[in-house]
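Working notes for the structure below.
In this text, all values refer to a predicted model and were calculated from it rather than measured experimentally. Scope of the values below: all heavy atoms of this structure, side chains included, with no hydrogens, waters or symmetry mates.
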Amino acid sequence: MNMPHEIRHDELKNDRFLRALRREPTDTTPIWVMRQAGRYLPEYRATRGRAGSFMALAQNPELACEVTLQPLERFDLDAAILFSDILTIPDAMGLGLTFAQGEGPQFAHPVRSVADIAKLAVPDMDGELRYVMDAVRLIRRELHGRVPLIGFSGSPWTLACYMVEGSGSKDFATLKAMCWNEPKLAHQLLDTLAQSVAHYLIAQAAAGAQVLMVFDTWGGLLGPAPFREFSLRYMTRVVDALKADAQSRELPIILFSKGAGQHLAEMADSGCAALGVDWTINLDDARRAVAGKVALQGNLDPAILRANPEVIRREARAVLDSYGNHPGHVFNLGHGITPQVDPEHVKVLVDEVHAYGRVLRG
């Protein structure tokens, strides 16, 4: 899985995102947006229409590359993120992933028994998941060093939520019940998923990803002790595996656990470079909680992008002021952008973050 020489050694033209993740000084605050390639963009909707379905789009490296680059043509973003889905791993495990119109992900074969979980194995990164690595290689080549490329995965806990429930849920009570009633079984599932996520991210690093991110979308559903036992424990295991690999150990790792602001201090001890923060915690409080151990990424409420441009500018400045003139901040939303957002509002946000970030640096 060696990279072509010209891709491995391309010169990065804009490295402020990487510098911020290393908590080094930057000329302004870098910004990228979770789900920045998505349905709010008419060009994305057109490409998805050509693909025929979301999964057909995600599994076509050329089209995945096309939509990854689309927001960079519109906005002065400081990073690209691989266009894919957090559920590629369970799909590759044979659970039969589909996306019903308006209903979100569905698995034909949820895992709920000892036999179901015993059958699971780490997917072949050059087999069932080769399309992801091909997309990473192609995107990295087509970026020509313009900005860094983020590779990502869902967290073991979040993948388990969907795999056990079989679909989306407000509380994922089926997996929670397994954690209480059959904790050994839950840990067996999470252990297999931690191995799978680590192999997946290591393969993305080998294919050319320059930053790795873990999305723990549903970690915030857990109480303090269960969060440590069933979510953070396995994210830390993933980080440890990445640090043990010759290629991925050089890359910054971002952990984002939505709704888990109370756990930031513990998460900062995981070995990651940065923590994503949602909008339910003030960035100044978050910065104090992590005590300079990691960079922070966040944390504008995505709904603000539906407000008028002056409100967007004001709220962007408020986020930047809350972090202050300290190194180690990447501006982002507190979760993914929503389909109803006007693309012009995203441009307002990106431009304001860069302009005001320069003002903060004096």
Practice problem: Check step by step if side-chain contact (heavy atoms from CB on, under 4.5 Å) holds for Tyr234 and Trp157. | Solution: CA-CA 8 Å; Tyr234 291 97; Trp157 169 257; over 6 Å; no
Exercise. Using atom types as modelled and distance alone, determine if a side-chain donor or acceptor of Thr158 lies under 3.5 Å from a backbone N or O of Gly154.
Key: no
Practice problem: Give the cluster check for Leu305 versus Leu77: same hydrophobic cluster or not, with ILVMFWY residues linked at side-chain heavy-atom distances below 4.5 Å. | Solution: yes
Self-check item: Under the ring-ring contact (aromatic ring centres under 6.0 Å, His included) test, residues paired with Phe107 that sit two or more places apart
Solution: none
Quiz item: Is a side-chain donor-acceptor pair under 3.5 Å present for Asn282 with Ser322?
Solution: no
Quiz item: Would you call Arg22 and Glu250 a salt bridge, using N to O less than 4.0 angstrom?
Solution: no
Quiz item: Taking NZ, NE, NH1 and NH2 as the nitrogens, is one of them in Lys347 or Asp76 under 4.0 Å from a carboxylate oxygen of the other?
Solution: no
Quiz item: Does the pair Arg130/Asp134 count as a salt bridge with the N-to-O cut at 4.0 Å?
Solution: yes
Quiz item: Do Ile337 and Met34 have side chains that get closer than 4.5 Å, going by heavy atoms?
Solution: no
Quiz item: What heavy-atom pair brings Val238 and Pro156 nearest, and what distance separates the two atoms?
Solution: CG2-CG, 4.2 Å
Self-check item: Pair Asn299, Asn332: side-chain N/O donor-acceptor within cut-off below 3.5 Å
Solution: no
Quiz item: According to the interplanar angle, ranging from 0 to 90°, do the rings of Phe215 and Phe256 count as parallel (below 30°), tilted (30 to 60°) or perpendicular (above 60°)?
Solution: perpendicular
Quiz prompt | Salt bridge flag under 4.0 Å for residues Asp171 and Lys176 | solution = no
Quiz item: With no hydrogens and no angle check, do the side chains of Asp91 and Thr88 hold a donor and an acceptor under 3.5 Å apart?
Solution: no
Exercise. Would you please classify the geometry between the Phe172 ring and the Tyr162 ring as parallel, tilted or perpendicular, with 30° and 60° separating the classes?
Key: perpendicular
Quiz prompt | Pairwise side-chain contact, Gln297 with Leu255, heavy-atom cut-off 4.5 Å (strictly under) | solution = no
Quiz item: Can you check whether Asp124's main-chain N or O pairs, donor with acceptor, with Glu128's side chain at less than 3.5 Å?
Solution: yes
Self-check item: Salt bridge Asp278-Lys258, side-chain N to carboxylate O under 4.0 Å
Solution: no
Exercise. State, to 0.1 Å, how close Asp116 and Pro110 come at their nearest heavy-atom pair, and which atoms those are.
Key: OD2-O, 3.7 Å
Exercise. Quick one: closest heavy-atom pair of Pro123 and Leu129, and the distance?
Key: CB-CD1, 3.9 Å
Quiz item: Under 6.0 Å between the ring centres of Phe83 and Phe54?
Solution: yes
Quiz item: Would you find more than 12 non-hydrogen atoms of other residues, nucleotides or ligands less than 6.0 Å from Lys13 atom NZ?
Solution: yes
Self-check item: Listed once per pair and sorted, the ring-ring contact (aromatic ring centres under 6.0 Å, His included) pairs that draw on residues 110-137, sequence neighbours left out
Solution: none
Self-check item: Heavy-atom side-chain contact between Val197 and Ser155 under 4.5 Å
Solution: no
Exercise. For residues Arg74 and Pro343, report the shortest heavy-atom separation together with the two atoms involved.
Key: NH1-CB, 3.5 Å
Self-check item: N/O donor-acceptor pair under 3.5 Å between Tyr323 side chain and Pro327 backbone
Solution: yes
Quiz prompt | Donor + acceptor pair across side chains of His345, Arg306 (<3.5 Å) | solution = no
Practice problem: Would you tell me whether Glu165 and Thr174 have side-chain atoms, one donor and one acceptor, within less than 3.5 Å of each other? | Solution: yes
Quiz prompt | Any Asp191 side-chain heavy atom under 4.5 Å of Gln188 side chain | solution = no
Exercise. From the options Ile89, Leu193, Leu95, select the one residue that forms a side chain to side chain contact (heavy atoms under 4.5 Å, CB included) with Leu120.
Key: Leu95
Self-check item: Close side-chain approach of Leu21 to Val330, heavy-atom, < 4.5 Å
Solution: yes
Quiz item: Would you call Gln106 and Phe99 a side-chain contact if the rule is heavy atoms closer than 4.5 Å?
Solution: no
Quiz item: Heavy-atom distance under 4.5 Å between the side chains of Leu232 and Phe227, does that happen here?
Solution: yes
Quiz item: Checking side chain to side chain contact (heavy atoms under 4.5 Å, CB included) against Val319, which of Val353, Leu283, Leu333, Asp301 comes through?
Solution: Leu283
Exercise. Check step by step if side-chain contact (heavy atoms from CB on, under 4.5 Å) holds for Leu212 and Phe152.
Key: CA-CA 5 Å; Leu212 301 172; Phe152 72 92; over 6 Å; no
Quiz item: Has Arg39 got more than 12 heavy atoms of other residues, nucleotides or ligands less than 6.0 Å from its CZ?
Solution: no
Quiz prompt | Enclosure of His199 NE2 (heavy-atom neighbours >12, cutoff 6.0 Å) | solution = no
Quiz item: Hey, are Asp27 and Arg361 close enough for a salt bridge, meaning a charged N less than 4.0 Å from a carboxylate O?
Solution: no
Quiz item: Is it true that Asp321 and Arg317 make a salt bridge, defined as a side-chain N closer than 4.0 Å to a carboxylate O?
Solution: no
Quiz item: side-chain contact (heavy atoms from CB on, under 4.5 Å) between Val214 and Leu201: does it pass, once the steps are laid out?
Solution: CA-CA 9 Å; Val214 177; Leu201 292 174; 3.9 Å; yes
Exercise. Determine whether the side chains of Thr47 and Glu66 contain a donor N or O and an acceptor N or O closer than 3.5 Å.
Key: yes
Self-check item: Whether His329 and Phe331 hold their rings parallel, tilted or perpendicular, with breakpoints at 30° and 60°
Solution: tilted
Exercise. Taking all heavy atoms of Pro148 and all of Phe17, pick out the closest pair and write down the distance.
Key: CG-CD2, 4.0 Å
Exercise. Considering non-hydrogen atoms only, spot the tightest contact between Ala79 and Ile150 and give its length.
Key: CB-CD1, 3.8 Å
Practice problem: Assess whether side-chain contact (heavy atoms from CB on, under 4.5 Å) is satisfied between Thr29 and Tyr356, documenting all intermediate values. | Solution: CA-CA 8 Å; Thr29 303; Tyr356 194 65; over 6 Å; no
Practice problem: Take atom CZ of Arg45 as the centre, draw a 6.0 Å sphere, and report whether it contains more than 12 heavy atoms from other residues, nucleotides or ligands. | Solution: yes
Quiz item: Do Asp284 and Arg287 sit within salt-bridge range, that is, some charged N less than 4.0 Å from a carboxylate O?
Solution: yes
Quiz item: Quick one: does Arg249's side chain have a donor or acceptor within less than 3.5 Å of a partner on Ala244's backbone?
Solution: yes
Practice problem: Answer yes or no: is there a donor N or O on one side and an acceptor on the other, between the side chain of Arg23 and the main chain of Lys293, under 3.5 Å? | Solution: yes
Quiz item: Out of curiosity, does Met267 fall in the hydrophobic cluster containing Trp279 (side-chain heavy atoms, cut-off under 4.5 Å, transitive links)?
Solution: no
Quiz item: Side-chain contact, heavy-atom cut-off 4.5 Å: Val67 with Arg48?
Solution: no
Quiz item: Is Leu63 reachable from Leu138 through a run of I, L, V, M, F, W or Y residues, each pair having side-chain heavy atoms under 4.5 Å apart?
Solution: no
